[in-house]
Amino acid sequence: QVQLVESGGGSVQAGGSLRLSCRASGYTSSSGYMAWFRQAPGKEREGVASISRGSGTTWYVDSVTGRFTISQDNAKTTMYLQMNSLKPEDTAMYYCAADSQLLSPSRRLSPTAYDYWGQGTQVTVSL
């Protein structure tokens with residue numbers, strides 16, 4: 001059974017940094033994708049960043065490009081999201097997700113493409 005557990009959320013001031021972690025267990029596929037999503041109150045879940053487990057190729061939503069970096073460890077058991085220059089609009093619950101299927105470019109940041117989800121970790125950015 002696949003389990004994803006996020007950690008690293010918290011409260012920071014604008015301009016600060018946080019590093020989120022997502023530890024995967026029971027996920028034996030060396031292919032597929034993992035991703036970070038976020039959801040603010042009253043808003044739809046939004047894809048933030050995705051990484052190919054096989055090649056390490058990454059994708060980002062425009063609003064975080066240049067500020068956030070997605071990565072994975074060599075064992076591919078833990079995924080990270082380094083978030084720098086945080087803004088109040090980055091405030092949300094952040095979720096990690098995983099899927100073993102090959103995804104077309106248009107689906108790599110789509111929440112409907114991912115089968116496995118963590119419980120989320122809250123990120124709050126204040127002025």
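Worth knowing before you read on, the calculation uses all heavy atoms, side chains too, and leaves out hydrogens, waters and symmetry mates.
- Atom-to-atom distance recorded for R107:CZ and D99:CG is 8.5 Å, nearest 0.5 angstrom.
- In this structure, L102 CG and R108 CZ are separated by 8.5 Å, a value rounded to the nearest 0.5 Å.
- Relative to the ring axis of Y95, R45 places its NZ or CZ within 45° and under 6.0 Å from the centre.
- In this structure, CG in L81 is found 11.0 Å from CD in E6, a value given to the nearest 0.5 Å.
- One finds the CD atom of Q39 at 12.0 Å from the OH atom of Y94 (value rounded to the nearest 0.5 Å).
- For the pair S63/E46, a side-chain contact is recorded, criterion being any heavy-atom separation below 4.5 Å from C-beta on.
- Using a 4.5 Å heavy-atom threshold, the side chains of I70 and Q82 count as separate.
- The neighbour count for E44 CD, taken as heavy atoms of other residues, nucleotides or ligands under 6.0 Å away, does not exceed 12.
- A 4.5 Å side-chain heavy-atom check between Q72 and T77 finds every atom pair outside the cut-off.
- The aromatic ring centroids of Y114 and Y33 lie 6.0 Å or more from each other.
- V48 is not connected to Y80 by any chain of hydrophobic side-chain contacts under 4.5 Å among Ile, Leu, Val, Met, Phe, Trp and Tyr, and they are in different clusters.
- Between L127 and P88 the shortest heavy-atom distance is CD2-CG, 3.5 Å.
- Taking all atoms of both residues into account, the shortest heavy-atom contact from T91 to V125 is OG1-N, 2.9 Å.
- In plain terms, the two heavy atoms of C22 and M34 that are nearest each other are SG-CE, 4.1 Å.
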### R53 vs S31, side-chain contact (heavy atoms from CB on, under 4.5 Å): CA-CA, chis, key distance, verdict
CA-CA 5 Å; R53 288 173 56 83; S31 61; 5.9 Å; no

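- In this structure, the ring of W36 has its center no less than 6.0 angstrom from the ring center of F68.
- Here the OG-CG distance, from S50 to L109, works out to 5.5 Å after rounding to the nearest 0.5 Å.
- The hydrophobic clustering, which links ILVMFWY residues whose side-chain heavy atoms are closer than 4.5 Å, places F37 and M93 together.
- In this structure, C96 and Y116 have side chains that are not in contact, with every pair of non-hydrogen atoms separated by 4.5 Å or more.
- When every heavy atom of A40 is checked against every heavy atom of A92, the shortest pair comes out as N-CB, 3.9 Å.
- Transitive grouping of hydrophobic side chains (ILVMFWY, heavy atoms separated by less than 4.5 Å) brings Y60 and L86 into a common cluster.
- Linking ILVMFWY side-chain heavy atoms closer than 4.5 Å, directly or via other members, places V61 and L18 in a single hydrophobic cluster.
- When all heavy atoms are compared, the tightest approach of V123 to G9 is CG2-CA, 4.2 Å.
- Linking ILVMFWY residues whenever their side-chain heavy atoms come closer than 4.5 Å, directly or via other members, leaves W117 and L20 in distinct clusters.
- Residues M83 and D90 form no side-chain contact, since every pair of their non-hydrogen atoms from C-beta on lies 4.5 Å or further apart.
- Heavy-atom neighbours of Q122 CD from other residues, nucleotides or ligands within 6.0 Å: above the threshold of 12.
- Taking each heavy atom of L103 and A113 in turn, the nearest pair found is CD2-CB, 3.9 Å.
- Note on residues 12-33: no pairs pass salt bridge (charged side-chain N to carboxylate O under 4.0 Å, His left out), not counting sequence neighbours.
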